[in-house]
Q: 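Questions regarding the structure given below will be posed in turn.
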Number of protein chains: 4
Amino acid sequence: MSSSQPLRGVVPPVCTPLDAAGDVDTASLARLVDHLVGGGVHGLFALGSSSEVAFLTDRQRAVALETVVEAAAGRVPVLAGVIDMTTPRVVEHARAARALGADGLVATAPFYARTHPREIARHFRTVRDRADLPLYAYDLPVSVHSKLPTALVRELAEDGTLAGLKDSSGDEGSLRRLIVELGGRHGRADGPAPAFSILTGSELTVDAALLAGADGVVPGLGNVDPAGYVRLYDAVRGGDLDSAVKEQERLVELFGLVEAGPDSEMGRNSSAIGAFKHALRLLGVFTHGTTAAPQIQLGDESVAHVEQHLRTAGLLPTR
Amino acid sequence: MSSSQPLRGVVPPVCTPLDAAGDVDTASLARLVDHLVGGGVHGLFALGSSSEVAFLTDRQRAVALETVVEAAAGRVPVLAGVIDMTTPRVVEHARAARALGADGLVATAPFYARTHPREIARHFRTVRDRADLPLYAYDLPVSVHSKLPTALVRELAEDGTLAGLKDSSGDEGSLRRLIVELGGRHGRADGPAPAFSILTGSELTVDAALLAGADGVVPGLGNVDPAGYVRLYDAVRGGDLDSAVKEQERLVELFGLVEAGPDSEMGRNSSAIGAFKHALRLLGVFTHGTTAAPQIQLGDESVAHVEQHLRTAGLLPTR
Amino acid sequence: MSSSQPLRGVVPPVCTPLDAAGDVDTASLARLVDHLVGGGVHGLFALGSSSEVAFLTDRQRAVALETVVEAAAGRVPVLAGVIDMTTPRVVEHARAARALGADGLVATAPFYARTHPREIARHFRTVRDRADLPLYAYDLPVSVHSKLPTALVRELAEDGTLAGLKDSSGDEGSLRRLIVELGGRHGRADGPAPAFSILTGSELTVDAALLAGADGVVPGLGNVDPAGYVRLYDAVRGGDLDSAVKEQERLVELFGLVEAGPDSEMGRNSSAIGAFKHALRLLGVFTHGTTAAPQIQLGDESVAHVEQHLRTAGLLPTR
Amino acid sequence: MSSSQPLRGVVPPVCTPLDAAGDVDTASLARLVDHLVGGGVHGLFALGSSSEVAFLTDRQRAVALETVVEAAAGRVPVLAGVIDMTTPRVVEHARAARALGADGLVATAPFYARTHPREIARHFRTVRDRADLPLYAYDLPVSVHSKLPTALVRELAEDGTLAGLKDSSGDEGSLRRLIVELGGRHGRADGPAPAFSILTGSELTVDAALLAGADGVVPGLGNVDPAGYVRLYDAVRGGDLDSAVKEQERLVELFGLVEAGPDSEMGRNSSAIGAFKHALRLLGVFTHGTTAAPQIQLGDESVAHVEQHLRTAGLLPTR
């Protein structure tokens, strides 16, 4: 992956399987990489939010990234999340990720400490300088509690600090303004604009984002059904919007598997990641559906709910 | 407009022109209605947020609604916003709007007081019962500070309380889930599903929303360029997504007119509404660009910024 | 009440009793005024949040305010809430309140529409000019979704726009800074500083606020136990902090009556106001415990919970 | 420090001086510890938010904690912040802190990932079990974006998981309810209640918190003026509330040093920490006023503003 060839397509955030002791289950993780690459995805995003990066120790992050890079074996590029509170800590993760063979880095704005947009700009510039790998900004207000201003992303795109954006803000209007400012759907691809990949994390509106000019998608649900997202991507690229909408609607229904019972004492994070992991277990990819501490595990009813959604979506045989 | 014929198309929220004394300028308002209907819009939404409904006294609301209904003269249906804090106050506005000839009502969830979703359901049911007009839910978290839960909207759609939804939440993922749950893009239009209009207020991603199955759009910017939104709508309906994207991108650029200078001491509300109103003045529709108290008025630099955007968009001749 | 005699002491927000049809129960309301004045309070705040002002129609607001003014009969000053979205609507309420005999007005910053601090300043200045009554700013971020900046309150205090502040922000640090900036606990009372009443709405930390230099308190719970808050106020004024703390702790325990069952489908607003109203019913002051639509009514279990707290606090005889 | 002797008094969060290269300036840090202990403080909180813990690498955290523990030399207990996103990462910090000689640990709820209160309870229990040191919960919604529910803190206090609470929520009403539920000001100190230290982080309302029954304070400003906070603490303990209020008011004025110029492009975090550090430099304790990347440094005007506040407060000679 070079900066003249921006990343395009389906780039799932790779779930991190854990064994009963809470350690990274490398065999399951290697199977997941094969499941994804076999499904036709165009890249892998290790150590993202759906990878439970916030729950992994530095040692576990290293094991997970190393496993993904080895299993990918150069078939597709591997981005690595370098998620931490501020610049000095992110730089350390960035250097570790580079040493382990990542092709690119994904960093959020600082969190926990409140920072000014000018400080956020310094943050990305410093990480880019110190790590010397293509850097993607990760816009994730639900975790970071600030939204990357469109003007800031544009500035960092135009001066070459950022190779791209992973937009999980859910703010499709701002994303559209950014795309138009960067040249619009056609201008961006054809023109002399700087190479800059826009990847949406909004997995329920991928047809719309691609229509608007996004380059790809980072779908958590893509762990479960990578081929579905690849079909959706190909349909839009091929101009078959009707098929794209139908595929997207099927994936929206499948996404219903993340809904744990209304009275469950779980965070939304735990129920969604737990559902993805149990789905992968039911599909024979993972050995366990375990999520990291302190998350509460899916109960039997929620697991049955996941299984039913897999059957409805045709990913498991209907009984 | 009957409930068996759900509302579709472009339904702009009608700006409310004010004269120098702060009273409703009915002559300008009648010209705006002609400007919009002449632009091909399919309905009008009076007394919405872009109409400065929050700033109008009850008497001013009545004058504005009466003027819109009379000027529309049955050419297109007129929805009326009935925006107030809670049920008893909304019911009063609803009765007034019905008496003035509105074809449908648009109500938000309660605000100022914090309410439970079950109380929000009671709110819409009571307003529907007492006013006896088709009722549209207005999902506007930026003003109301709660998001209408998808399950609640679905429940109120299926039991006939709501004739539709005006979604200005900016949460396109939730909107997509609602559309899929109500039958998907094709199923909703063709099937035995209850008539239920989904109108997006996200004026920068209308192509995407229509692609996904929304029935129409309520664009504040449609005051300035109604014909642009009508072309966009027609392009999607005609299956010409390429033209739709280009039209949307042009409108995204035009939308830049709302950006007041970075050091201006104005709320975002004031700068956006002020920009629309000055644009209408520059287009010869309004006599004044005045916004209601306590909003600060656009300065000369901001007005010049508006004018430049109108020229770039081809709405005023290039000098 | 003149502006040279700033308001001090216990000024409860007066609950608004409703009859079975949802109309204002004026007989109960007059009894409440006697209950409060008999309890020793120093003023009354009609049409506040605890009065369900957001739920009352303009006609009901007038009936409630008129009843409070008549029942107070000049024994204590009556402040009137003029709660609405923006300046023009607030001005109308202000004129109505003046005509009905209010001694002062209480207004929030604009809500629903987003406004800039400079616009908020214009709002208060316009309301003050148009209504010609002492004006109190009501800082209530939980309803209004913006916090009044300390510098703005100070500016409006020093230029005479505001006669006082009702601080329900819960931000005791900012309140302390304001008190210090206005001269500190002693300087404010003794010095040449402008008369400016600081009333806290934080009913669980009144001892602390009075110690810090606040002039009084607007306690919702004061509807139920006005004499308790008067004892607390007198203890601090008399320098008996030990007694003040004990009285405050008793009132904190009593405040537990607002906790509806954990599975109740009510907003927090509904459960708190419902609890106050049922407490007043159990104390023989109100005929009904009804809250306004669309609020869900307290169930039997919650009413029993209220009753038990009244017995524990010694307000009802122990059985 | 044993769990039968709960922590009381003034426990400043110890600022972390950095040299020009951004490394921990251990000589300055040792001087700060002497400055604080010499000022009479009762404990030290290393690696808190005011220590820029979010900006320090693991290696820097170790150097800072080791320096504080050595410099304290057993004169006062040392708490160590173990601030990270989730349980597994916090446990690693906890073990490191124990190995370096910390007397107690301070942990927030998980952040970045959204967690349910039941998961937060598991978080604290797991950290307590794995680290085997007294554990203090750090309630800091401004960084963590969730508020610790009072019922949860009480549960974890009563079952011995928590040795105390550092409350920086600013929610004095909830804190008061907790104090009352745990026995009230007198009951907690005298009764058979479990030993549980309540330390407020609200440095502008310490007199009020101590009056209400808090055991101590963790004031960031205490880095600059430890003796002032000790005088304030002693005044309340000695029953001299008048002197306490005067001392608090002086400290509120001193706190004004954190206000950087209104047009400065800094986060609030950067301006407050930068102001504390430059104050310590001006007082001869620190060699540099540098803050960690990506924070923007205080400009000359802001430094002059800090100096003027030190002179006004009598901490530097008036020129």
Side-chain angles (χ1 to χ4, degrees), chain B residues 18 22-23 49 52-61 83-93 108-127 130 140-146 260 264-273 291-296, chain C residues 18 22-23 49 52-61 83-93 108-127 130 140-146 260 264-273 291-296:
Chain B
L18 301 176
D23 291 320
S49 300
E52 296 174 278
V53 66
F55 298 87
L56 302 177
T57 63
D58 287 356
R59 178 74 200 125
Q60 290 174 318
R61 290 186 184 198
I83 308 302
D84 216 315
M85 293 173 249
T86 61
T87 317
R89 296 182 65 84
V90 170
V91 166
E92 299 237 321
H93 294 297
T108 67
F111 51 94
Y112 188 88
R114 290 166 289 171
T115 44
H116 187 278
R118 296 322 308 161
E119 294 174 325
I120 296 175
R122 294 185 67 184
H123 171 73
F124 284 115
R125 290 197 172 106
T126 305
V127 174
R130 301 273 174 86
L140 187 66
V142 75
S143 290
V144 166
H145 299 281
S146 69
S264 66
E265 297 194 314
M266 303 174 66
R268 283 190 54 188
N269 196 74
S270 314
S271 66
I273 303 299
T291 52
Q295 296 172 94
I296 288 173
Chain C
L18 302 176
D23 291 321
S49 300
E52 295 174 280
V53 67
F55 298 88
L56 302 178
T57 64
D58 288 357
R59 177 75 199 123
Q60 289 176 317
R61 290 186 184 199
I83 307 302
D84 216 315
M85 293 172 249
T86 61
T87 316
R89 297 182 65 84
V90 170
V91 166
E92 299 238 318
H93 293 297
T108 68
F111 52 95
Y112 188 88
R114 290 165 288 170
T115 44
H116 188 277
R118 294 325 306 161
E119 295 174 325
I120 296 174
R122 294 186 67 186
H123 171 72
F124 284 115
R125 289 196 172 106
T126 304
V127 173
R130 302 273 175 85
L140 187 66
V142 75
S143 290
V144 166
H145 300 281
S146 68
S264 66
E265 297 193 312
M266 304 174 65
R268 281 191 55 188
N269 196 74
S270 314
S271 66
I273 303 299
T291 53
Q295 297 173 92
I296 288 174

Q: Counting only non-hydrogen atoms closer than 4.5 Å, does C:L56 touch chain B with its backbone (N, CA, C, O), its side chain (CB onward), both, or neither?
A: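 Backbone only.
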Q: Taking atom CZ of B:R114 and atom OG of C:S271, what is their separation to the nearest 0.5 Å?
A: 8.5 Å
Q: Which heavy atom of C:R122 sits nearest to which heavy atom of B:I296, and what is that distance?
A: NH1-CA, 3.5 Å
Q: For side chain to side chain contact (heavy atoms under 4.5 Å, CB included), just list the numbers for C:F111 and B:H145, CA-CA rounded to whole Å, side-chain angles, deciding distance to a tenth of an Å, and then say yes or no.
A: CA-CA 10 Å; C:F111 52 95; B:H145 299 281; over 6 Å; no
Q: For C:R59, which atoms come within 4.5 Å of any heavy atom of chain B: side chain, backbone, both, or neither?
A: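 Neither part.
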Q: Using every non-hydrogen atom in the two residues, find where C:T87 and B:P294 come nearest and quote the distance to one decimal.
A: OG1-CD, 3.1 Å
Q: Drop me the distance from C:T291's OG1 to B:E119's CD, to the nearest 0.5 angstrom.
A: 7.5 Å
Q: Go through the structure and list residues passing ring pair (Phe, Tyr, Trp, His ring centres under 6.0 Å) with C:F55, not counting sequence neighbours.
A: none
Q: With a 4.5 angstrom heavy-atom cut-off, is it the side chain or the backbone of C:P88 that approaches chain B, or both, or neither?
A: both
Q: Going by the rule side-chain hydrogen bond (donor to acceptor under 3.5 Å, both in side chains), which residues pair with B:E52 if we only count those two or more places apart in sequence or in a different chain?
A: B:K277, B:Q295
Q: Do any N or O atoms from the side chain of C:T86 and from the backbone of B:A54 form a donor-acceptor pair under 3.5 angstrom?
A: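 Checking the backbone N and O of B:A54 against the side chain of C:T86, a donor-acceptor pair under 3.5 Å is found.
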Q: Please state whether the side chain, the backbone, both or neither of B:T126 comes within less than 4.5 Å of a heavy atom of chain C.
A: neither
Q: Evaluate side chain to side chain contact (heavy atoms under 4.5 Å, CB included) for B:D58 paired with C:D58, printing each intermediate quantity in order.
A: CA-CA 11 Å; B:D58 287 356; C:D58 288 357; 3.9 Å; yes
Q: Checking side-chain hydrogen bond (donor to acceptor under 3.5 Å, both in side chains) for the pair B:S49/C:Y112: CA distance, chi angles, key distance, verdict?
A: CA-CA 9 Å; B:S49 300; C:Y112 188 88; 3.0 Å; yes
Q: So which of B:D84, B:V144, B:V53 has the biggest tally of heavy-atom pairs under 4.5 Å with chain C?
A: B:D84
Q: Set out, in order, the CA-CA distance, both residues' side-chain angles and the distance that settles side chain to side chain contact (heavy atoms under 4.5 Å, CB included) for B:R89 and C:Q60, then state yes or no.
A: CA-CA 10 Å; B:R89 296 182 65 84; C:Q60 289 176 317; over 6 Å; no
